[in-house]
Protein chains: 2
Amino acid sequence: MSTLADHIEAYIKKMLRGSQTNSVELSRAQLADDFACVPSQINYVLSTRFTLERGYVVESRRGGGGYIRIGHVQVDDGYAHAIKILKSIGSELDEKQMDNILAYLKDHHLLTARDCQLIRGIVQQEVGSVTQGKAILRASLIRSLLFFILKTRS
Amino acid sequence: MSTLADHIEAYIKKMLRGSQTNSVELSRAQLADDFACVPSQINYVLSTRFTLERGYVVESRRGGGGYIRIGHVQVDDGYAHAIKILKSIGSELDEKQMDNILAYLKDHHLLTARDCQLIRGIVQQEVGSVTQGKAILRASLIRSLLFFILKTRS
DNA sequence: AGGATTAAGGTCAGTATTAGTCAAAGAAAG
DNA sequence: CTTTCTTTGACTAATACTGACCTTAATCCT
């Protein structure tokens with residue numbers, strides 16, 4: 001965690017954890033000022049880290065009294081939802097999609113940081129040893145690994 | 001006698017030994033500079049010496065604030081033998097071979113009966129959904145699943 | 001009421017900063 | 001002498017950050 005974007009991400013996640021309602025409202029200009037950066041940096045952080053795919057919902061309004069509201073999607077049964085996500089993986093999966101899934105599961109405490117590390121490493125290694133059908137193999141591996149983990153830990 | 005790659009390998013391993021967390025983070029450009037070589041030399045060292053097979057997990061990020069993080073996962077002796085078996089899996093694996101491996105690991109109490117059942121089911125499912133390269137996919141899946149299990153339970 | 005002003009946030013393209021890939025050249029080993 | 005391992009560098013890809021310009025909403029002022 002060393003870039004400005006990482007710090008802003010951590011800050012927002014901390015606020016979210018401290019919130020009863022699983023959502024926080026903030027001022028873009030204020031936050032940018034706190035971190036001594038341009039306001040568009042906040043948009044960068046939001047669009048790269050707080051995406052729907054990772055389980056976040058961002059709303060905003062412009063003009064006087066404008067705001068940015070970030071919500072963390074909480075499902076009743078995180079485990080069941082995770083299985084659903086896995087089932088929705090098609091026959092192919094690119095690296096970005098994989099990372100989003102892992103980030104989602106980590107943020108919802110269904111995987112540890114170490115799990116993610118290992119999974120990424122394993123998949124990277126296996127996918128790297130093949131010249132064709134990388135995305136297909138990745139889909140298969142992620143589906144299998146995550147399914148196994150979720151099944152054995154539930 | 002010892003090549004540059006060997007020195008870089010030794011240097012990283014020394015850093016790892018000195019780390020509480022069994023992982024180190026470094027800058028590719030910085031390390032290359034320290035050893036007066038091109039940055040891609042670092043990639044060479046990583047890909048030839050810090051492989052998953054040897055118990056290392058390498059993560060990296062490009063761009064501003066980029067890094068390379070190397071983690072070491074130790075395994076105790078009981079598992080080390082299982083890892084050896086995994087290494088012996090070639091690029092292809094038929095059903096019979098798979099069953100033999102699973103049976104062996106179950107007999108030696110490295111996997112539970114449920115693990116085996118689950119793994120078998122998952123592999124069958126994935127392999128069944130593909131028309132070509134079944135044996136290749138099976139090898140990849142078994143290697144990955146077993147590797148993950150062994151690494152996380154040791 | 002309605003235009004002018006003020007106060008937000010959004011977009012996008014450009015620049016900077018890393019790391020990855022690949023193939024060819026060179027060195028070492030068998 | 002052949003094969004395998006090492007080293008290099010040109011090209012590629014990903015990520016972070018900035019600033020100029022745009023859009024939307026509330027409020028003020030006649």
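Keep in mind that this is a model prediction, so the values were computed, not measured. Below, chain A is the first sequence line, B the second, and so on; all start at residue 1. Worth knowing before you read on, the calculation uses all heavy atoms, side chains too, and leaves out hydrogens, waters and symmetry mates.
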Closest to the B:R28 side chain, choosing from D:dT6, D:dT15, C:dA19: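 Out of D:dT6, D:dT15, C:dA19, the nucleotide with an atom closest to B:R28's side chain is C:dA19.
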Joint cluster assignment, A:L86 & A:I149, ILVMFWY side-chain distance < 4.5 Å: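 Yes; A:I149 is reachable from A:L86 via cluster members.
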Over all strands shown, is [X] touching base, sugar-phosphate only, or nothing at heavy-atom distances under 4.0 angstrom?
{"X": "B:I42", "value": "nothing"}
{"X": "B:G63", "value": "base"}
{"X": "A:S27", "value": "sugar-phosphate"}
{"X": "B:S40", "value": "base"}
{"X": "B:R49", "value": "sugar-phosphate"}
{"X": "B:G64", "value": "base"}

Salt bridge B:D115-B:K106, side-chain N to carboxylate O under 4.0 Å: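 Salt bridge: no.
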ring-ring contact (aromatic ring centres under 6.0 Å, His included) partner of A:Y104, chosen from A:H81, A:H72, A:H109: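 Only one option passes, and that is A:H81.
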C:dG10 phosphate, OP1 or OP2, under 4.0 Å from A:S60 side-chain N/O: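 Checking A:S60 against C:dG10: at least one side-chain N or O falls below 4.0 Å of OP1 or OP2.
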Any donor-acceptor N/O pair under 3.5 Å between D:dA25 base and A:R61 side chain: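 Side chain to base: no pair below 3.5 Å.
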Any N/O donor-acceptor pair, A:R62 side-chain to D:dT23 base, under 3.5 Å: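 Flag set: donor-acceptor pair detected.
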Ring centre gap for A:F35 and A:Y11 strictly below 6.0 Å: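 Yes, ring centres under 6.0 Å apart.
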